[in-house]
Amino acid sequence: MPEGRGEDLFEQRVEKAKRLRERGIDPYPPRYKPTHTAEAARALYTQHELAGDAHPSDIISIAGRIVALRPMGKAAFIGLLDGGDKLQVYLKKDELGDAYDLLKELDFGDFIGAKGKLFKTRTGEITLEAAEFTLLAKALRPLPEKWHGLQDVEKRLRQRYLDLISNEEARKIFVIRSKTVSAIRRFFEQRGYLEVETPVLVGVAAGASAKPFITHHNALDRDLYLRIALELSLKRLVVGGMNRVYEIGRVFRNEGLSFKHNPEYTLLESYEAYADYQDIMSMVEQMVESVALEVLGTTKVTHDGKEIDLKAPWKRLDLRQAIKDTSGVDFEDYPDGHELANKLREMKIEVDRGDSRGRLIDKLLSTYVEPTLIQPTFLVDYPLDMSPLAKKKQDNPRFVERFEGFAAGMELANAFTELNDPIDQMERLSEQERLSKLSADGETDRLDEDFVTALEHGMPPTGGLGMGIDRLVMLLTGQDTIREVILFPQLRGK
RNA sequence: GGGCCGGUAGCUCAGCGGUAGAGCACUUGACUUUUAAUCAAGGUGUCGAGGGUCCGACUCCCUCCCGGCUCACCA
């Protein structure tokens with residue numbers, strides 16, 4: 001072996017694997033069946049201990065990745081990471097004889113299995129004293145540094161497995177994410193909802209205003225889009241008599257990245273016949289409260305140093321009033337888009353040529369109101385201009401029955417009483433198409449004529465909801481960037 | 001895309017005109033209850049890439065690549 005050449009951390013380990021093979025030891029044996037996980041072993045010991053037995057006689061086996069290695073001559077402690085839990089193994093030459101020498105060929109990162117009895121060390125750590133141990137998989141590359149862990153953001157995200165191995169916080173976040181999604185599923189199931197799956201590849205990217213990704217189907221020789229929303233598919237199902245449906249699915253928006261935007265993200269949408277937006281509003285606050293309790297055991301979370309209480313009921317604010325209070329502008333004083341655009345320019349808000357009135361109101365909202373919404377809040381009753389799929393308010397047709405839910409200064413949910421008048425829907429989507437051709441970026445909702453045809457067959461009064469799962473998880477885990485709650489977020493380059 | 005900050009050993013970082021550093025990891029040895037084990041000894045390297053200035057560049061200048069933060073668009 002070359003004497004201590006640095007590049008050969010890898011080579012050294014390949015050599016070790018080779019030496020093991022020469023000794024008849026397979027560095028990658030096909031299977032190993034531990035009797036216990038690290039967690040179960042710990043529980044087992046605690047159970048015996050409570051019964052007054054500090055030296056249980058059970059012979060058990062565990063397996064895991066070596067994350068600590070403290071050899072002390074003729075004995076050694078090895079810390080194993082198994083799933084999210086750690087358990088220590090104690091190896092003794094007295095006990096193991098020649099097999100003990102195998103220790104020399106072990107490294108941080110290797111997987112081993114060990115079989116023996118549990119005991120507690122003099123410092124109180126539950127430990128498995130190995131009567132035998134087995135190499136399960138040799139690691140050829142070194143793990144990140146044990147004390148500081150892996151800090152390099154790019155490396156953490158591109159090689160997420162390293163992040164998961166060395167940063168416990170990262171593991172916890174994704175456990176919470178998983179539990180959140182299953183708590184949401186239980187919530188809907190209890191309310192008699194059906195979970196469905198609808199197409200990702202669609203002929204028209206409609207249901208929201210966002211730029212789609214375009215792809216091509218070869219056999220059909222036709223461009224298709226990746227969906228930007230679930231809405232129109234799900235409403236077709238309501239037309240078809242599926243009265244309570246939801247989908248948790250990935251949607252794709254061909255737009256910039258930021259701390260709260262990833263080009264593909266997980267959207268929950270639900271539709272309930274014979275519900276209206278008020279019903280949906282109470283459902284949202286109940287859902288978030290119950291999910292938080294189930295997943296975290298509390299409704300209180302911390303975000304950016306501030307405590308946020310997700311407990312229902314949430315505050316309700318009238319949108320128009322909230323914008324007026326924070327910006328001083330009553331957008332109803334500016335019924336014409338051009339006048340409102342001029343007003344915004346006066347206020348030093350950047351305005352693009354072709355911004356619709358709805359778009360301008362949205363700018364007021366996100367500039368003045370959104371940052372102030374730290375505690376969970378519903379903004380209620382949106383102007384018609386920014387909501388082409390929502391039903392008009394009966395007492396004021398310039399507004400629609402729509403709300404959005406906010407917390408930590410972020411939009412979390414968007415919901416409305418669904419527009420089910422096909423003639424009105426056709427007009428409003430046609431108007432969007434017209435605006436789309438005027439606007440600089442083409443980001444308006446698109447007309448999906450087939451969807452309107454579905455409405456023409458009759459859709460019952462329906463309340464619908466959209467909620468960003470990633471952002472909900474950010475809130476629940478106190479993370480301030482979306483990348484920390486997505487296992488493999490989109491990065492620049494490569 | 002614009003502005004600001006950064007890229008040095010496997011990892012975490014220092015050095016910022018005078019010939020490359022620390023801790024951890026690694027290698028060798030000692031050590032039979034350790035906890036970031038300890039003790040002794042040893043080698044870590046295209047200092048992101050290319051060009052320039054200079055007697056001399058990791059250090060200064062230019063270009064490019066990669067990343068972070070931020071602004072703009074979007075949920």
Side-chain angles (χ1 to χ4, degrees), chain A residues 1-13 15-16 67-79 86 88-96 100 104 107-109 119-125 127 129 140-158 162 166 208-212 228-229 251-269 349-352 355 359 362-363 366-367 370 404-406 410-414 439-444 466-472 474 480-483 491-494:
Chain A
M1 216 173 39
E3 294 305 315
R5 293 273 100 185
E7 61 156 351
D8 321 67
L9 292 171
F10 182 83
E11 286 303 322
Q12 280 169 15
R13 292 184 174 208
E15 280 302 318
K16 283 182 177 176
V67 291
L69 192 53
R70 291 184 283 273
M72 297 172 301
K74 296 188 178 60
F77 286 93
I78 297 182
K86 288 180 188 169
Q88 182 170 261
V89 173
Y90 181 49
L91 304 183
K92 218 165 36 164
K93 181 140 175 118
D94 288 350
E95 190 77 30
L96 294 159
Y100 183 83
K104 281 207 268 299
D107 290 293
F108 279 93
F119 74 108
K120 212 171 209 178
T121 64
R122 74 166 65 126
T123 48
E125 181 155 348
T127 302
E129 179 163 354
L140 300 180
R141 295 189 188 278
L143 254 30
E145 203 237 20
K146 62 186 173 188
W147 189 239
H148 298 90
L150 187 61
Q151 301 294 324
D152 184 87
V153 175
E154 187 185 4
K155 200 149 207 147
R156 284 187 43 233
L157 301 179
R158 285 194 201 282
L162 295 178
S166 50
S209 44
K211 280 195 205 110
I228 57 173
V251 299
F252 306 85
R253 300 192 177 181
N254 204 342
E255 281 151 3
L257 288 73
S258 86
F259 72 95
K260 53 179 176 179
H261 298 96
N262 195 63
E264 53 179 304
Y265 71 100
T266 302
L267 184 60
L268 158 71
E269 285 197 27
I349 296 178
E350 213 171 297
V351 172
D352 293 325
D355 273 353
R359 180 82 201 90
D362 193 41
K363 281 188 174 172
S366 50
T367 308
E370 197 171 324
E404 290 189 307
F406 296 82
M410 266 188 318
E411 182 187 337
L412 282 184
N414 176 25
S439 104
D441 53 14
E443 281 183 36
T444 65
M467 184 152 131
I469 297 297
D470 313 84
R471 289 187 180 177
L472 177 63
M474 283 171 71
D480 52 14
T481 92
I482 199 168
R483 295 184 316 186
L491 303 175
R492 294 166 194 265
K494 291 189 181 162

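Here is the naming used below: chain letters follow the sequence lines, and residue numbers restart at 1 for every chain. Atom set for the values below is all heavy atoms of this structure, side chains included, hydrogens, waters and symmetry mates excluded.
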Checklist entry - According to the Watson-Crick and G-U wobble definitions, with both distances under 3.5 Å, which nucleotide is paired to B:C69? => result B:G3
Item to check | Distance, rounded to the nearest Å, where A:Leu143 contributes CG and B:A9 contributes P | outcome: 18 Å
Checklist entry - Between atom CE in A:Met72 and atom P in B:U38, what is the gap in whole Å? => result 12 Å
Next on the checklist: Using the side-chain heavy atoms of A:Phe119, tell me which of these nucleotides is nearest: B:G10, B:U33, B:G67.
Outcome noted: B:U33
Next on the checklist: Closer than 3.5 angstrom, by distance alone: can the side chain of A:Asp470 be matched with the main-chain N or O of A:Thr266 as a donor-acceptor pair?
Outcome noted: yes
Checklist entry - For the residue pair A:Pro142 and A:Leu9, what are the closest heavy atoms and their distance? => result CG-CD1, 4.0 Å
Item to check | Within 6.0 Å of NZ in A:Lys93, more than 12 heavy atoms from elsewhere | outcome: yes
Checklist entry - Base, sugar-phosphate alone, or nothing: which one does A:Lys93 contact when heavy atoms must sit under 4.0 Å apart? => result nothing
Item to check | Integer angstrom distance from the C1' of B:A72 to that of B:C58 | outcome: 36 Å
Next on the checklist: Would you measure the distance from the P atom in B:C69 across to the matching atom in B:G52 and give it in whole Å?
Outcome noted: 35 Å
Item to check | G-U wobble or Watson-Crick pairing nucleotide for B:C39 (cut-off 3.5 Å, both distances) | outcome: B:G29
Checklist entry - Picking from B:A25, B:U12, B:C69, which would you name as closest to the side chain of A:Thr481? => result B:C69
Item to check | Nearest heavy-atom neighbours spanning A:Arg253 and A:Tyr265 | outcome: CZ-OH, 3.2 Å
Checklist entry - If you check the A:Arg483 side chain, which of B:G68, B:A37, B:U27 turns out closest? => result B:G68
Checklist entry - Which nucleotide in the set B:C26, B:U34, B:C31 lies at the smallest distance from any side-chain heavy atom of A:Arg122? => result B:U34
Item to check | A:Leu91 and A:Tyr100: CA distance, side-chain angles, deciding distance, side chain to side chain contact (heavy atoms under 4.5 Å, CB included) verdict | outcome: CA-CA 7 Å; A:Leu91 304 183; A:Tyr100 183 83; 4.0 Å; yes
Next on the checklist: Mind checking if A:Asp480 touches a base, just sugar-phosphate, or nothing, with heavy atoms under 4.0 Å?
Outcome noted: nothing
Checklist entry - Are A:Lys155 and B:C11 close enough that a side-chain N or O sits under 4.0 Å from OP1 or OP2? => result yes
Next on the checklist: Rounding to an integer number of Å, can you tell me how far A:Arg156 CZ sits from B:G67 P?
Outcome noted: 16 Å
Next on the checklist: Using a heavy-atom cut-off of 4.0 Å across all strands, would you classify A:Arg13 as base, sugar-phosphate, or nothing?
Outcome noted: nothing
Next on the checklist: Please compare A:Lys120 and A:Glu404 by the position of their nearest nucleotide in RNA chain B and report the one closer to 5'.
Outcome noted: A:Lys120
Item to check | Of the listed nucleotides B:U33, B:C11, B:C26, the one nearest the side chain of A:Gln12 | outcome: B:C26
Checklist entry - A:Lys16 near the nucleic acid: base, sugar-phosphate alone, or nothing, with a heavy-atom cut-off under 4.0 Å? => result sugar-phosphate
Next on the checklist: Using Watson-Crick or G-U wobble geometry with both distances under 3.5 Å, which nucleotide pairs with B:G50?
Outcome noted: B:C62
Checklist entry - Roughly how many Å is it from CZ in A:Arg158 to C1' in B:C11, rounded to a whole number? => result 18 Å
Item to check | Pairwise P distance for B:G1 and B:G43, with rounding to whole Å | outcome: 46 Å
Item to check | For atom CZ of A:Arg70 and atom C1' of B:C39, their distance in whole Å | outcome: 17 Å
Checklist entry - What nucleic acid atoms does A:Lys363 come within less than 4.0 Å of, heavy atoms only: base, sugar-phosphate, or nothing? => result sugar-phosphate
Under 3.5 Å, which N/O atoms of the protein pair with N/O atoms of nucleotides 13-16 of chain B?
none

Checklist outcome for this item: Hits for ring-ring contact (aromatic ring centres under 6.0 Å, His included) against A:Phe77, two or more places apart or cross-chain, chain-then-number order -> A:Tyr90
Next on the checklist: Counting the atoms with a prime plus P, OP1 and OP2 as sugar-phosphate, which does A:Gly468 contact under 4.0 Å by heavy atoms, base, sugar-phosphate, or nothing?
Outcome noted: nothing
Write down the protein N/O and nucleotide N/O pairs, taken from nucleotides 21-23 of chain B, whose separation is under 3.5 Å; answer none if there are no such pairs.
{"unit_1": "B:G23", "atom_1": "N2", "unit_2": "A:Glu145", "atom_2": "OE2", "d": "3.3"}

Next on the checklist: Within the 4.0 Å heavy-atom criterion, would you say A:Phe259 contacts the bases, only the backbone, or no part of the nucleic acid?
Outcome noted: nothing
Next on the checklist: Mind checking if A:Gly79 touches a base, just sugar-phosphate, or nothing, with heavy atoms under 4.0 Å?
Outcome noted: nothing
Next on the checklist: Taking A:Glu125 first and then A:Arg70, would you say they form a salt bridge - that is, a charged N and a carboxylate O separated by under 4.0 Å?
Outcome noted: no
Checklist entry - Picking from A:Gln12, A:Arg141, A:Lys16, what satisfies side-chain hydrogen bond (donor to acceptor under 3.5 Å, both in side chains) with A:Asp107? => result A:Lys16
Next on the checklist: I'd like the C1' distance from B:A25 over to B:U59, given in whole Å.
Outcome noted: 28 Å
Checklist entry - Distance between the P atoms of B:G67 and B:U34, in whole angstroms? => result 47 Å
Checklist entry - Atom CG of A:Leu9 to atom C1' of B:G45: distance rounded to whole Å? => result 12 Å
Checklist entry - On a whole-Å scale, what distance lies between the C1' atoms belonging to B:G17 and B:U27? => result 36 Å
Item to check | Beyond-backbone contact of A:Met474 with A:Ile482, side-chain heavy atoms, under 4.5 angstrom | outcome: yes
Next on the checklist: Say we look at B:C16 and B:C61: how far apart would their C1' atoms be, to the nearest angstrom?
Outcome noted: 15 Å
Checklist entry - Over how many whole Å does the gap from A:Leu150 atom CG to B:U12 atom C1' extend? => result 10 Å
Checklist outcome for this item: Taken to the nearest whole Å, NZ/A:Lys92 to P/B:U34 is 13 Å
Item to check | C1' atoms of B:G51 and B:G15, separation to the nearest Å | outcome: 25 Å
